[in-house]
Amino acid sequence: MASASTEVDVDQLLKQLTLEEKISLLAGKNFWETVPIERLGIPSAKVSDGPNGARGAQFQGGVRAACFPASSCLAAGWDREVASRIGVALAEETRSKGAICLLGPTVCPHRSPLGGRNFESFSEDPFLAGKLASAYIQGLQGQGVSATIKHFAANEQETRRFTMNVNVSERALREIYLKPFEIAIKEAKPWALMTSYNLINGTHADMNEYLLQTVLREQWGYKGLVMSDWGGCNSMAESINAGLDLEMPGPTIHRKTEDVKRAVESGKIDVKT
C-alpha cells in the first residue's frame, strides 16, 4: 500500500499537472506502457501479460519466460502457500522483462467446459478462486509488482466476447461471478483491475457505473487502478464517468485530448473526475 507521504506527493503532482497532461494519463502510450510526464518526473509504467508467466513486450521471438502451472492446475492443489510462492516468483519474472505490473490473475469462474480461457482461471468454485487469487496477489505485490485482477466481470466465454451481452440476475452475479473478485479485493487489495469486453445486463463493462462505482468503489472500498482490456474501451465520457481510469492499449482511440477537453468545457466530464 502507498504510504501517507506518497499520497501527499500524488496530491502535489496533481496540482502541477495541466489539463492536457491529466488527459494524457487516461490512456496508454503504446501497447504495453503508460504515458510519462517527464517535466514532473512521472515515469512510464510497463505492464506484461500473465498470469502463468511474464511475456514481456514481444509476442514472438522475445526473451524467454519461465512458465508456471496454469491457474486451473494450481487450484487442483488447494494450496494457498504454493499460490503465494508462485506470485513471488512471477514478480521476479515480471521485473526481468522491465515491467512493474503483471496482467493477472484471472478469476472468472468456469461456467462451461467450452470456455476458451478456463485454463487461465482457477476454478468453477468462486470461494476457491478468490482465496487462491488472494494468495497469488499477496505474493506478487509483496515484491513490489502490481497484480491486475481480471476480467471484471461475467467473462466466461471467448465466443463473441466483444459484443456478448450477459443477462444475469443480481443473486447469480453476487454469489458466482463477483464473489472471487470480492474475496481477493478485500483480502489482497490488488493495485489494478481489468474490465472485461462483454456487456453485463446491457452495458459494457468499461462504462458500467453499477459495477465500477456502486459495487467496486463504494461497497467494496476499492482504491486501485481500473484499466480496460486491450481494445475494450467503448466510449469517451461514459467510460471516464463510470470510473475506467486507463484505456489500453495506446495511443488512445476514444480519449483524444481535444475531445476530452470539449467534454470538460461542455460539462459532460468534471475536471475532478
Side-chain angles (χ1 to χ4, degrees), residues 27-35 43-75 83-108 110 115-122 129 132-133 135-153 155-158 161-162 180-181 184 188 190-198 205-206 224-233 244-253:
K29 170 187 173 185
N30 53 37
F31 207 81
W32 299 114
E33 296 173 302
T34 62
V35 173
S44 174
K46 182 180 177 182
V47 305
S48 174
D49 261 343
N52 66 317
R55 184 205 302 276
Q58 300 295 122
F59 281 95
Q60 293 181 336
V63 177
R64 290 186 177 184
C67 184
F68 294 86
S71 295
S72 58
C73 295
L74 180 58
S84 177
R85 288 169 57 195
I86 287 178
V88 170
L90 280 168
E92 182 179 350
E93 280 289 298
T94 303
R95 290 193 180 279
S96 76
K97 305 301 188 298
I100 61 168
C101 177
L102 187 70
L103 302 178
T106 303
V107 299
C108 297
H110 302 163
R117 291 172 74 172
N118 279 355
F119 70 93
E120 191 179 323
S121 190
F122 291 95
L132 288 178
Y136 174 109
I137 291 165
Q138 290 177 68
L140 186 68
Q141 294 188 164
Q143 305 302 307
V145 172
S146 173
T148 309
I149 194 168
K150 62 185 187 181
H151 303 85
F152 194 71
N155 176 203
E156 279 75 34
Q157 71 177 54
E158 289 294 276
R161 63 179 180 170
F162 288 96
F181 288 96
W191 299 339
L193 174 144
M194 184 186 293
T195 57
S196 56
Y197 288 125
N198 51 282
D206 66 288
L225 174 85
V226 176
M227 70 175 79
S228 74
D229 204 339
W230 269 228
C233 181
L244 185 77
D245 302 312
L246 180 66
E247 174 194 349
M248 286 301 285
T252 182
I253 295 174

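Positions are given from 1, in the same order as the sequence printed here.
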Are the charged groups of Arg95 and Glu92 less than 4.0 angstrom apart, N to O?
-> no
Would you check if the side chain of Ser48 reaches a backbone N or O of Arg55 as a donor-acceptor pair within less than 3.5 Å?
-> yes
Keeping the roles fixed (side chain from Asn198, backbone from Glu158), state whether a donor-acceptor pair exists under 3.5 Å.
-> no
Check Cys108 against Ser121 and note the closest heavy-atom contact, atom names and distance.
-> O-OG, 2.6 Å
Taking the inter-plane angle between the rings of Tyr197 and Phe162 on a 0 to 90° scale, is it parallel (under 30°), tilted (30 to 60°) or perpendicular (over 60°)?
-> tilted
Distance col, row Leu132:CG vs Ser84:OG, nearest 0.5 angstrom, shows 11.0 Å
Interatomic spacing from CZ in Arg117 to OG in Ser72 - rounded to 0.5 Å = 13.0 Å
Side chain Lys46, main chain Lys97, donor-acceptor under 3.5 Å = yes
Roughly how far, to the nearest 0.5 Å, is CG of Leu193 from NE2 of His151?
-> 10.0 Å
Please check if the side chain of Gln141 supplies one atom and the backbone of Ala147 the other of a donor-acceptor pair under 3.5 Å.
-> yes
Asp229 side chain vs Ser196 backbone, donor-acceptor pair below 3.5 Å = no
Nearest non-hydrogen partners of Leu140 and Leu90, listed with the distance = CD1-C, 3.9 Å
Would you indicate whether Arg85, at its atom CZ, is surrounded by more than 12 heavy atoms from other residues, nucleotides or ligands within a distance under 6.0 Å?
-> no
Decide yes or no for Thr106 and Ser71: does some side-chain heavy atom of the first lie under 4.5 Å from some side-chain heavy atom of the second?
-> no
Nearest atoms (heavy-atom pairs only) where Pro105 meets Ala133 = CG-CB, 4.1 Å
Rounded to the nearest 0.5 Å, what's the gap from NZ on Lys150 to CG on Leu103? Could you check?
-> 5.5 Å
Between Gly62 and Gln58, the two heavy atoms sitting closest are CA-CB, 3.6 Å
In terms of heavy-atom contacts, Gly28 and Met248 come closest through CA-SD, 3.5 Å
Distance col, row Gln143:CD vs Ile100:CD1, nearest 0.5 angstrom, shows 15.0 Å
Sub-3.5 Å donor-acceptor pair from the side chain of Thr195 to the main-chain atoms of Ala205, do we have one?
-> no
Any side-chain heavy-atom pair of Cys101 and Thr94 under 4.5 Å | no
Criterion side chain to side chain contact (heavy atoms under 4.5 Å, CB included) on Phe122 and Val107, from CA distance to verdict | CA-CA 6 Å; Phe122 291 95; Val107 299; 4.2 Å; yes
Verify the ring-centre separation between Phe68 and Tyr136: is it less than 6.0 angstrom?
-> no
Closest non-hydrogen atoms of Pro190 and Ala184, given as atom of the first, atom of the second and distance, are CD-O, 3.7 Å
Within the side chain of Trp32, is there an N or O that forms a donor-acceptor pair under 3.5 Å with the backbone of Ala57?
-> yes
Measuring from Thr148:OG1 to Met227:CE, what's the distance to the nearest 0.5 Å?
-> 4.0 Å
